[in-house]
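The next block holds one structure in the form of structure tokens; read it before the comments.
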Amino acid sequence: MNKSLVNRFLTNSNDIDKSGAIWNLVASVLCAFQSVILLVVMTHTVGLIPAGIYTMGNTDNNLFLSIGKYGVRPFQVSDVDREYKFREYRMARIISTILMAVVSTGYVLYVAIKNNYSSNKLWIIIWMCIYKLPDSFEDVYYGDYQKNERLDVAAKPLALRMIITIVLWALLLVVTKDLLISVVVSTIVTIFLMIWFILLTKEYVTEREKPDSSRVLKLLWVTLPLAVAAFLTLYISAAPKNSIDAHLDDKLQAIYGFIAMPVFVVQLLAQAVFNPVLYKISCLWNDGDIGKYVKESLKQVAYVFIITVVCMVGAWLLGIPILSIMYHTELASYKTDLMYMMVGSGFLGLIVLLSGFLTIMRRQSIIIVGYLIVSIIAFFFTDKYVIKYGIRGAVLFFVALLAMLCIIFVIGYIWSAVTQRKKNSNKS
């Protein structure tokens with residue numbers, strides 16, 4: 001591919017809205033299935049122990065990606081009045097991405113000493129955290145493209161980068177049978193692709209004013225609850241895996257990863273449905289049309305419910321046979337655990353959705369309170385359930401945490417909508 005061909009692919013669309021929706025779905029599916037595809041390749045080439053290490057590394061890198069992205073994408077896209085300029089968002093993202101790199105490295109070193117990691121496991125997980133740095137930085141550009149109604153230009157580069165890196169990583173695993181070499185090379189390539197694609201698409205950033213450092217700090221402060229919430233979201237998801245890492249072994253870690261995978265697929269599919277209409281729903285709230293806002297919100301909830309039911313039926317009928325073949329591991333005894341996980345997937349999809357709604361409504365305080373309550377419970381009790389009940393304990397406790405958080409967000413959403421409607425009525 002020459003530059004002009006790639007450039008045309010990334011920036012030209014006959015139907016911008018349709019292309020944006022399609023490529024956003026493609027990118028979301030690729031993000032959802034990246035770990036699935038690589039785990040399949042690993043279990044057939046390098047075995048369960050490296051697959052378990054990858055599962056732990058994937059948990060860590062997604063956890064710290066939440067620091068890098070800082071939970072800002074919905075806030076940025078819903079900034080209809082452009083209170084903050086793009087360069088202020090970008091400067092804030094540079095700061096958060098550097099913080100992500102520092103904190104993730106420090107955390108992995110700490111856990112490696114605590115849990116007696118081998119040097120190979122340590123370096124694999126560190127490089128897996130570095131692998132996610134491009135996801136953090138490029139997102140601030142793609143958020144601005146989306147706000148400028150060019151979701152297609154935001155989704156195509158991400159989809160293309162995912163395709164290239166997934167194929168490359170899989171081929172490296174087959175050829176080298178070495179997870180460390182595979183992740184190092186894939187990381188270097190994905191960083192190069194991120195830089196290249198931004199250079200090709202940066203013309204779709206419309207605001208070029210110099211950033212005001214005081215406003216950058218204000219932006220980081222205003223969105224801090226979203227960053228903490230994003231981190232705690234993944235902390236809650238990571239809590240069972242961290243307990244397994246500390247008290248069980250890498251093989252059971254891999255098995256937990258296999259049956260937990262569908263949960264995050266539903267989450268990403270829910271995001272794929274929600275992202276294209278995020279700006280539209282934000283405008284409804286900004287215009288004070290609470291009735292239409294609630295109607296659109298309920299429509300998105302219905303989509304998540306349908307996605308969850310379809311996935312649950314598929315998991316019941318075909319989940320265990322397919323997962324057993326995919327991962328080259330007998331999983332028949334974990335069918336009940338898989339179905340519990342699918343219930344959790346519905347809760348997680350709703351949590352993602354409700355968190356987006358509350359962000360649009362600028363009710364970040366509700367988000368952070370919910371996550372703090374649930375995270376404290378996870379911190380004190382997850383180990384006990386994993387030690388006593390193994391994988392079943394990890395699964396059931398995880399689902400219970402998600403259900404609790406979902407209930408808190410539903411209450412917060414209803415209270416916020418009713419309060420705003422009363423305010424609007426009083427004004428009129």
Side-chain angles (χ1 to χ4, degrees), residues 25-26 28-45 47-52 54-56 58-59 62 162 166 170 234 236-241 243-244 248-273 302-353 385-386 389-403 406:
L25 178 61
V26 171
S28 298
V29 169
L30 287 169
C31 289
F33 282 95
Q34 178 182 23
S35 60
V36 177
I37 295 167
L38 293 177
L39 278 172
V40 168
V41 176
M42 282 176 216
T43 53
H44 286 79
T45 56
L48 275 182
I49 292 177
Y54 172 84
T55 298
M56 194 64 241
N58 197 53
T59 299
N62 278 296
M162 284 292 102
I166 290 170
L234 290 164
I236 293 166
S237 300
K241 296 179 184 179
S243 290
I244 292 170
L248 302 180
D249 57 44
D250 286 332
K251 288 185 179 180
L252 289 174
Q253 183 73 264
I255 290 171
Y256 180 86
F258 300 157
I259 61 174
M261 175 272 297
V263 173
F264 305 101
V265 172
V266 172
Q267 173 192 356
L268 286 164
L269 289 176
Q271 288 176 322
V273 172
Y303 290 149
V304 170
F305 179 77
I306 292 168
I307 291 170
T308 304
V309 170
V310 170
C311 289
M312 286 187 70
V313 172
W316 175 258
L317 296 175
L318 302 171
I320 291 300
I322 290 176
L323 290 174
S324 296
I325 293 170
M326 284 172 59
Y327 296 120
H328 203 236
T329 305
E330 180 52 56
L331 298 171
S333 59
Y334 297 99
K335 184 172 183 177
T336 301
D337 300 292
L338 175 63
M339 296 312 300
Y340 285 139
M341 276 293 194
M342 295 312 303
V343 173
S345 74
F347 289 129
L348 188 57
L350 287 174
I351 288 165
V352 170
L353 207 60
Y385 279 85
V386 170
Y389 301 108
I391 286 181
R392 176 65 55 84
V395 169
L396 287 176
F397 195 66
F398 176 54
V399 174
L401 292 173
L402 295 178
C406 191

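Keep in mind that the numbers below use all heavy atoms, side chains included, and drop hydrogens, waters and symmetry copies. Treat the numbers as computed from the prediction; the structure is a model and nothing was measured.
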Which is it for N58 and Q34 under the side chain to side chain contact (heavy atoms under 4.5 Å, CB included) test, yes or no, and what are the steps along the way?
-> CA-CA 10 Å; N58 197 53; Q34 178 182 23; 5.9 Å; no
Chi angles and distances behind the side chain to side chain contact (heavy atoms under 4.5 Å, CB included) call for R392, Y334 | CA-CA 9 Å; R392 176 65 55 84; Y334 297 99; over 6 Å; no
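Between V304 and L350 the shortest heavy-atom distance is CG1-N, 3.9 Å. When all heavy atoms are compared, the tightest approach of V386 to S243 is CG2-CB, 3.7 Å. For the pair S324 and A332, the tightest heavy-atom approach, listed with the atom from each and the gap, is OG-N, 4.4 Å. Nearest heavy atoms, I259 versus V395: CD1-CG2, 4.1 Å.
Note that CD1 of I325 is 12.0 Å distant from OG1 of T43, once rounded to the nearest 0.5 Å. Atom-to-atom distance recorded for I255:CD1 and I244:CD1 is 9.5 Å, nearest 0.5 angstrom. Atom OH of Y340 is separated from atom CD1 of I391 by 14.5 Å, given to the nearest 0.5 angstrom. Separating the CG atom in D337 from the CZ atom in F398 is a distance of 13.5 Å, to the nearest 0.5 Å. Between L401 atom CG and I236 atom CD1 the span is 6.5 Å, to the nearest 0.5 Å. Rounded to the nearest 0.5 angstrom, T55 OG1 and Y256 OH are separated by 11.0 Å.
Side-chain contact between Y54 and S35: present, with at least one pair of heavy atoms (C-beta onward) separated by less than 4.5 Å. By the 4.5 Å heavy-atom criterion applied to side chains, L338 and L323 are counted as neighbours. Counting heavy atoms from C-beta outward, M342 and T308 have side chains that stay 4.5 Å or more apart. Counting only heavy atoms from C-beta outward, the side chains of Y385 and L396 never approach each other to under 4.5 Å. No side-chain heavy atom of M162 sits less than 4.5 Å from a side-chain heavy atom of V26.
A 6.0 Å sphere centred on CZ of F397 holds more than 12 heavy atoms belonging to other residues, nucleotides or ligands.
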